[in-house]
Amino acid sequence: MEITPQVITTAASLYELLDLLGEQTDPNNPVAWDTETTSLTPRDADLVGIGCCWGAGLTELAYIPLGHKSGTQLDVATVLEALRPILEGAEFPKVLQNAKYDRLVLRSQGINLAGVVLDTMLASYVLNPDTNHNLSDLSLRYLNVSAQSYKDLVPKGKTIADLDIAAVAEYCGADVHTTYRLTPLLKAELAEYPDLEQLFTTVELPLEPVLAEMEYQGVRIDTDYLGNFSQQLETDLAKIEAKAYELAGETFNLGSPKQLSTLLFEKLGLDKRKSRKNKSGGYSTDASTLEKLQGDHPVVDLIVENRTLSKLKSTYVDALPELVRLDTHRVHTDFNQAVTATGRLSSSNPNLQNIPIRTAFSRQIRAAFIPESGWKLVAADYSQIELRILAHLSEEPVLVQAYNNREDVHALTARLLFEKDDISTEERRLGKIINFGVIYGMGAARFAREANVDRTEAKSFIDRYYERYPAVFEYLQQMQREAIAQGYVQTLMGRRRYFNFTTTKLRDLLGSDPNQIDLDSLKRMSGYDAASLRAAANAPIQGSSADIIKVAMIRLHEVLKGYQTRLLLQVHDELVFEVPPDEWTELEPKITEVMESAVALKVPLVVDASSGPNWMEAK
DNA sequence: ATAGTCACG
DNA sequence: ACGTACGTGACTATA
């Protein structure tokens, strides 16, 4: 379909457009909007043009060129002021593909986007989390139309601003038209699934501006501190490298798994049975292998140390300062709301959800995350949220009661497993490993390795766990049966994760009564997809946790409106804020309360919050 | 582009 | 007998 937008280049046509848009107030027929810019990074993005699509019977399209390098255009400031009441007016319903991006672009221009009633990307994500949700995929899937690709439109080294107004008008017109046409289809599909519609309307859609705000704020980084850290690591790595060459009797690339494999298992003749074959035929040199090889040759320790330090240096110490913006002195991550299969967020460029914490040394990276001068950084995290959710969903009486009595559940598990009242720290540690392990469907082999016990002991531990917590066992099995019989499982808020079993026998069970499925007999058949079934048992737990923290973030965003305090980061069960000194005393109980009461479960949710001069010390 | 590895919850 | 704990993103080497 070829539809060419009207290109707005005169004041008269702009005011005509405003009149038409002023009439578009039907929330069931929102106007589709899209911005064309020069960069995927909103803060670097110059506005090149704005497109919109609306209509009652006839579909109408407009493109307003603003930043093309050539051609007649209206003044940006004039156009934005004219559009402001529409763009900022909640009474003018809008639909966008990935509204967070356009919101950030417009925000840089001083416009606060309001009235977004649908985001096609988020609607698609809620309906079908395990697919892609970019506009061209949606276009193909829902409309059977293949979209013109950005790459084909914009030559290498150029931006959209270099192109003719007519070409961009065509491209932008197609995008807003696609967005507009997707709207009724996605709305209708959501209407078929009331739980998903509710999830979309009350969680995903309102979360989007919260994430936009977090990204806009960014987090301050102490680049001097990282610079010193980098130099220190550089010195240490050079020494390690020299020593490793000396011990190996030759030089080699410490960063090459292939060369390491050859060195360890061929040249030095170390025990191949302590490793595993990898896909490319070599032997794995991963951390667990190296651990087993420790003591067999002195070079092993140096390889381990090199791995740790070079990972730290390249991924964090050197990478983070590169991403600090010169204008804000902060890093602005991208929170992706539509990538994970379970409903979690993800973070990229940089990923601020995997900043080291597990060892005292690597944790030092967190000291580089600092608040505005004179402020505090605050971390508030949910205590054992997934285990609490498991207790709630399984209704396991022993666990539910324990949490309600504010007991130490890892210690309780240890007492039940060891069948005694006084347990050691080591025994509690095993209780903790197994409590977390069941959430993922851990087997005896893994538990044996983690807990440092033998296989048979591990097996009997796991068996006893399920004897002590029979409802947990029942629940996890029930989720697997539902995945097979329904083809999906659900979270607390109705979020779905779908499963497609390829084995005929499993597929034949789709549509059957989950309670009639005998998992034990299925286990013995070939093609039994154990990994998918573990994912099915895990998804409601991981996904419900995501539901809960998303609700908390939305409510907190409202609460914080009267304060200077800002929400900066989300790390799955933790929120990080920066807080001016005079606000923390008042806000601490408020923040904790909002997080703890995000949903009411059969067990209490508990939040631990603390503040410090940086992220390392806010713990 | 893909594989291997490793950082987090 | 084997291999398996779920979910992510980034970096380096190598093709």
Side-chain angles (χ1 to χ4, degrees), chain A residues 129-130 252-261 275-290 303-304 306-320 322-323 333-336 338-359 361-363 365-366 379 381-387 390 433-451 455 458 462 476 479 489 497 528-543 545-546 549 569-575 615:
Chain A
D130 48 8
F252 57 98
N253 186 345
L254 271 162
S256 163
K258 194 181 169 186
Q259 292 184 38
L260 284 180
S261 172
S275 182
R276 303 178 301 274
K277 283 267 199 178
N278 56 34
K279 283 182 192 167
S280 15
Y283 287 92
S284 172
T285 66
D286 66 10
S288 73
T289 303
L290 295 173
I303 295 170
V304 171
N306 173 274
R307 278 266 171 81
T308 310
L309 299 191
S310 55
K311 173 82 175 181
L312 229 49
K313 186 168 188 290
S314 67
T315 307
Y316 305 102
V317 179
D318 291 346
L320 282 171
E322 292 291 315
L323 292 163
T333 187
D334 190 355
F335 284 109
N336 202 323
V339 289
T340 74
T342 55
R344 275 188 176 183
L345 301 177
S346 80
S347 156
S348 55
N349 305 307
N351 181 354
L352 295 185
Q353 293 182 322
N354 74 345
I355 303 300
I357 192 168
R358 288 179 186 168
T359 69
F361 184 77
S362 65
R363 188 153 55 226
I365 303 284
R366 293 194 171 216
D381 63 287
Y382 282 105
S383 161
Q384 300 173 8
I385 189 168
E386 293 197 346
L387 203 49
L390 178 62
I433 290 173
I434 200 164
N435 274 335
F436 285 121
V438 291
I439 292 170
Y440 306 132
M442 181 173 62
R446 178 67 183 253
F447 180 66
R449 185 149 50 83
E450 294 279 330
R455 277 283 283 268
I462 293 172
L476 295 172
M479 290 307 103
V489 294
R497 181 171 181 183
Y528 172 80
D529 189 352
S532 291
L533 291 172
R534 280 198 303 271
N538 174 266
I541 303 168
Q542 190 180 121
S545 168
I549 198 167
L569 300 175
Q570 187 252 43
V571 192
H572 310 307
D573 64 355
E574 173 189 11
L575 298 175
W615 198 5

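Just so it is clear, the structure is predicted and the values come from calculations on it, not from any experiment. Note on naming: letters A, B, ... go to the chains in the order of the sequence lines (proteins, then strands), and numbering restarts at 1 for each one.
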Contact span of DNA chain B against chain A, any nucleotide atom under 4.0 Å from a heavy atom, 5' to 3', runs B/dA3 to B/dG9
Those residues at least two apart in sequence (or on a different chain) that pass salt bridge (Lys or Arg N to Asp or Glu O under 4.0 Å) with A/Asp334 are A/Lys100
Does a side-chain heavy-atom distance below 4.5 Å link A/Val438 with A/Ile541? no
Taken in chain and number order and not counting sequence neighbours, the residues that satisfy ring-ring contact (aromatic ring centres under 6.0 Å, His included) with A/Tyr528 are none
Stems field, DNA chain C, Watson-Crick or wobble, 3.5 Å, at least 3 pairs, by first number, holds B:1-9 with C:6-14
Taken in chain and number order and not counting sequence neighbours, the residues that satisfy ring-ring contact (aromatic ring centres under 6.0 Å, His included) with A/Tyr283 are A/Phe265
Sorted by chain and residue number, the side-chain hydrogen bond (donor to acceptor under 3.5 Å, both in side chains) partners of A/Thr308 (sequence neighbours excluded) come out as none
Sequence neighbours excluded, the answer for salt bridge (Lys or Arg N to Asp or Glu O under 4.0 Å) partners of A/Arg455 is none
Applying side-chain hydrogen bond (donor to acceptor under 3.5 Å, both in side chains) to A/Thr342 and not counting sequence neighbours gives A/Gln542
Letter by letter from the 5' end, nucleotides 9-15 of chain C scores (B base, S sugar-phosphate only, - none; protein heavy atoms under 4.0 Å) BBSSSSS
For A/Lys313, the salt bridge (Lys or Arg N to Asp or Glu O under 4.0 Å) test, sequence neighbours excluded, returns A/Glu234, A/Asp318
The side-chain hydrogen bond (donor to acceptor under 3.5 Å, both in side chains) partners of A/Thr315 (sequence neighbours excluded) come to none
Sequence neighbours excluded, the answer for side-chain hydrogen bond (donor to acceptor under 3.5 Å, both in side chains) partners of A/Glu450 is A/Arg446
